[in-house]
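Chain A is the first sequence line, chain B the second, and so forth, proteins listed ahead of strands; every chain is numbered from 1.
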2 protein chains.
Amino acid sequence: MKNSQLYKGSLNTIIMKLLEENGKMYGYEITQKVKAITQGELNITEGALYPALHKLEAEGILDVEIEKVDNRMRKYYKLTEAGTKETVNRLAELEDFIRNMQSLVNPRPNLEF
Amino acid sequence: MKNSQLYKGSLNTIIMKLLEENGKMYGYEITQKVKAITQGELNITEGALYPALHKLEAEGILDVEIEKVDNRMRKYYKLTEAGTKETVNRLAELEDFIRNMQSLVNPRPNLEF
DNA sequence: CAAATATACATAAGAATCTTATACATAACT
DNA sequence: AGTTATGTATAAGATTCTTATGTATATTTG
């Protein structure tokens, strides 16, 4: 997604969170939304996005619904019931992850002395 | 390191930050330190750690120095000069990453209306 | 109006990172 | 005597992503 490797592993969580918030979205829309929210810093590539969407669908996390708009295909994805539940876990994991990384990088000085 | 994929890509940054802070450390010490700081949540496996250390050394980020303590080998790693400079970049990237992830997951409601 | 850009999805080869398993060796504990 | 802790190492496979390519329509721009 970027030259920084840090984003590796975060794509599924990003997709699920956006869908939780926006109800249904299509692939291209997700890339644009992420770009906008991060002010251009995070650009999701198609080579990462589409396989990820297909896998989440295969796992029963997402449902797909095809629409034709302006003679062009759109595949709208939305969370299944199981996906909605799983999203809660993923977001909790993300919070833990961020908290742990901040502990590692920004350690509280030991105040015992 | 954990069942969460989120940590993928963060190991190098963690190693470099710990070395910046502690001067020199050996592999096993790094695993224990990380475990302690994250209260057991993040366990770095040897299969991830040692190849990462070797790679950082090959890239000129780390220097190694072998010591024998209690009849057992220890390989102490420390940042090279180039490694110290690179650590600044990595930590900035981590801050950007965390900020971006928080924007995505914890979006500010639009207050324009 | 032709060319470039934007919209929209897809996949395949290869790179990078990590998991899991295994290996070797010494020290300390039970 | 056997398990756990300390300490390093590697190899096979899984997962995730990059890079490149392909197809197709709509819109903008020179």
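Contact detail for Tyr77(B) and Leu19(B): the closest heavy-atom pair is O-CD2, 3.2 Å. Considering every non-hydrogen atom in both Gly60(A) and Ala82(A), the closest pair reads O-CB, 4.1 Å.
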Apply side-chain contact (heavy atoms from CB on, under 4.5 Å) to residues Met25(A) and Lys78(A) and explain how you reach the verdict. CA-CA 7 Å; Met25(A) 298 179 83; Lys78(A) 65 167 190 287; over 6 Å; no
Evaluate salt bridge (charged side-chain N to carboxylate O under 4.0 Å, His left out) for Lys33(B) paired with Glu29(B), printing each intermediate quantity in order. CA-CA 6 Å; Lys33(B) 189 81 173 176; Glu29(B) 186 184 9; over 6 Å; no
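Nearest nucleotide to the Tyr77(B) side chain, out of dT16(D), dA9(D), dT8(D): dA9(D). In the set dT8(D), dC17(D), dT7(C), the nucleotide with an atom closest to the side chain of Leu11(A) is dC17(D).
Judged by the 6.0 Å distance and 45° axis criteria, Lys24(B) is positioned over the aromatic ring of Tyr76(B).
Between Val69(A) and Pro51(A), the residue anchored closer to the 5' end of DNA chain C is Val69(A), taking for each the nucleotide with the nearest heavy atom.
In this structure, CG of Leu42(B) is placed 10 Å from P of dC18(C), rounded to the nearest angstrom. We find that CE of Met73(A) is positioned 19 Å from P of dG22(D), with the value rounded to whole Å. Whole-Å rounding puts the Met25(A) CE to dA8(C) C1' distance at 14 Å. Computed from coordinates, the Leu49(B) CG to dT10(D) P distance equals 12 Å when rounded to whole Å. Put simply, NZ on Lys33(A) is 15 Å from P on dA8(C), counting in whole angstrom units. Rounded to whole Å, the distance from CD on Glu46(B) to C1' on dA5(D) is 12 Å. The distance between atom CG of Leu56(B) and atom C1' of dT17(C), rounded to the nearest whole Å, is 12 Å. We find that CD of Glu29(A) is positioned 18 Å from P of dA6(C), with the value rounded to whole Å.
Proximity of a side-chain donor or acceptor of Thr80(B) to a complementary backbone N or O of Ile61(B) within less than 3.5 Å is detected. At least one donor-acceptor pair under 3.5 Å links the side chain of Asn43(A) to the backbone N or O of Gly40(A).
A heavy atom lying under 4.0 Å from DNA chain C marks none of the residues of residues 58-65 of chain A.
In this structure, Glu20(B) pairs ionically with Lys17(B), as a charged nitrogen and a carboxylate oxygen lie closer than 4.0 Å.
Residue Tyr50(A) places at least one side-chain N or O closer than 4.0 Å to OP1 or OP2 of dC9(C). The side chain of His54(B) contributes no N or O atom lying less than 4.0 Å from OP1 or OP2 of dT8(D). For Tyr26(B) and dG7(D), the shortest distance from a side-chain N or O to OP1 or OP2 is below 4.0 Å. Residue Gln5(B) places none of its side-chain N or O atoms closer than 4.0 Å to OP1 or OP2 of dC18(C). Regarding contacts with the backbone of dT25(D), every side-chain N or O of Lys68(A) stays at 4.0 angstrom or more from both OP1 and OP2.
Using a 4.0 Å heavy-atom criterion, one finds that Gly47(B) contacts the bases of the nucleic acid, with or without backbone contacts as well. Residue-level contact check: Lys55(A) touches the backbone only, with heavy atoms under 4.0 Å from sugar-phosphate atoms and none from bases.
Hydrophobic clustering of Ile, Leu, Val, Met, Phe, Trp and Tyr side chains at less than 4.5 Å, counting indirect connections, keeps Met73(A) apart from Leu53(A).
Contact annotation: side chain of Lys8(A) to base of dT15(D), donor-acceptor pair absent below 3.5 Å.
Under the rule for a side chain to side chain contact (heavy atoms under 4.5 Å, CB included), Glu95(B) has no partner lying at least two apart in sequence or in another chain.
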Within the sub-3.5 Å range, which N or O atoms of nucleotides 25-30 of chain C have a protein N or O partner, and how far apart are they?
residue, atom, partner, partner atom, Å
dT26(C), O2, Arg72(B), NH1, 3.3

